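Data first, discussion second: the structure below is written as structure tokens.
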Amino acid sequence: MIKKLKVKNFKALRDIEIELTPIHVLIGPNDSGKTSILDVLAALCRSVDHQLNLAFLGSWKGKELVWAGDSQLPVAVEADFDDIKVTGYGITVIFGTRERKVAIQSEFFKEKESTIKLDESVSRTWVLHQLTHPEWSSPHSDKLKHVRKLLEDVHYYRLNPSFLALPVAPDAKRHFRMESNGFGLALLLDEILSFDRERFDQLEGRLTKIFPHIKSIKLIQEEAFRAPVDNPDHVTMLNKADGKGLYFQLKDSSQLIPASQASDGTLLVLAYLSILYLPQPPRLLLIEEPENGIHPKRLRDILEILRDLVHEQSHTQVVLTTHSPYAVDLFKPEEVTLCTKLDNGEIKTTRLSDSPSVLKQLNVFTLGEIWTSEGDEKIAGSEAQTERAGE
Amino acid sequence: MRVLVVAEGKHELSGALENLLKRLGSTSASFEFDRISNNTIHAVHGKGQGYFKRAVRWLKEAEERGVNALVLLIDEDGESERIEQIQSAQNYLLTQLPRAMGVAIRMFDAWMLADEKALTEVLGYRVNRQPDPETIRNPKQICAELLEESPAQIPQREMYAGISSNIDIDILSDRCPLGFEPFAKYVKNLFL
């Protein structure tokens, strides 16, 4: 588990440090750096099994991801682990001036109290090099393998019900995984069904418990779509091919309801359940605004699924963003970090358990109520305090 | 008569508040307890200050649970605006559910210090008269210190439960005129 994240010069994250919990939520106004934190976490994790220019997700070129667009500034990302063998890992990278290019400036891992710096590499991390060149001999091979084990397999979702509903063509590269927008759900369910019927039945049982009007899930052969796998640009180009479509059998009717006609809430809950019932759940699950399209009471179901994921899969960590006070209600103060933007444009982070104005009201109010009634500024500290923190 | 009792902490909800309610006339009532910060109960958005909205939300919750009355008690914790907000909820007319709402000054623990005879009886040694409870800055700490001197070796919640069974209600009303006295009046009215 990543217990602390330190970032310098990535977008508006000029210099931040966040203590993370097994399930952690980021709150704050729009444009306060929440998504940037997920992006940089994803980049660090992906750097262990992707080329660096593919590790940083989204559409970008040149120095667009660097603080103030300054190409001279190195972007540093570091994680501390809750682990005995390797206690930390970090990279510092330099972005190119025009194209989608990024190079390593430095890389290190930590064991106990000592920091071991690795020789300079160019376009990829030594952790990735060790993966692609298993014959490569280094005194640190064992530790680098362990770093990869701690960071690989990140899933990053901003689920869109329209994509969740699409029929999906099989793809040898797509294995037990949806795209970030949710494309691939039907195939993912079909893979879980083929892998372990009992697991699929449990998933179906959980869904029908939440939505009692649904009797079962059906996956039917039909004309479907094919899309690029793990596209870092997050752009989905769809081509037609044969594949599987997702349907729901209702309790009081013989009619099958196609996923395209099912409610957004049903599809979103099903998507999160699918992650919960993966044979190998992700090590790090990043989720943007799970409340979108969800009734506040249904949101509770989704957050319970995510908590179950963390409890049942001890190696899985979940970090999510939200604008919903109803979601914040379900977290402890130490599990919530508020992001705010200072006047100079940089981001400040405040863990709610460190905010006196939160702690003094916790006996009476829910956390979401405190957040909405106090406001971001008061929780983050007075304006004067906030400015001083910025300095 | 079913009564939902909503308060802040373990000391109120571990027998002490229930004993006080019984002493105030609720001998035949059955109680259901909940923490006021229960995170499944999210206050409605809209007009009004925080404590008012939270208390009104509990009135609605009490109605949904089908109880006959709501007792709600919070601590003042040095923030006097809470008294007015809870008073507004006590007078809130859009729901008719009988209710007794109060604000303990500065906190519930202060009520445990009002009657030195009850303290002496429960703690098993002679306890002197304490300063006016509503002026004590940290009554929880004072209670803990008195308990430390006691040969009784009981948890603080048991001390509170014992005192609330033994305390002289008139003395408590006299010595806590801002918090306990109005609360006691509302509670007595509930059970008339």
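Within every chain, numbering begins at 1; the chains are lettered A, B, ... in the order of the sequence lines, protein sequences first and strands thereafter. Please read all numbers here as calculations on a predicted model, not as lab measurements.
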(request) Go through the steps for A:Arg300 and B:Thr40 under the test side chain to side chain contact (heavy atoms under 4.5 Å, CB included), then give the verdict. (result) CA-CA 9 Å; A:Arg300 182 173 283 270; B:Thr40 62; 3.4 Å; yes
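Within the 4.5 angstrom heavy-atom criterion, only backbone atoms of B:Asn38 (N, CA, C, O) approach chain A. Looking at A:Leu367, neither its backbone nor its side chain comes within 4.5 Å of chain B, counting heavy atoms on both sides.
The number of heavy-atom neighbours closer than 6.0 Å to CD of B:Glu79, taken from other residues, nucleotides and ligands shown, is above 12. In the displayed structure, B:Lys117 atom NZ is contacted under 6.0 Å by at most 12 heavy atoms of other residues, nucleotides or ligands.
The backbone N or O of B:Ala43 sits less than 3.5 Å from a side-chain atom of A:Glu369, completing a donor-acceptor pair. A donor-acceptor pair is defined here as one N or O able to donate and one able to accept, closer than 3.5 Å; such a pair exists between the side chain of B:Asn39 and the backbone of A:Asp329.
With contacts defined as side-chain heavy-atom distances shorter than 4.5 Å, the pair A:Phe365/B:His42 does not qualify. Using a 4.5 Å cut-off on side-chain heavy atoms (C-beta onward), B:Arg54 and A:Thr366 make contact.
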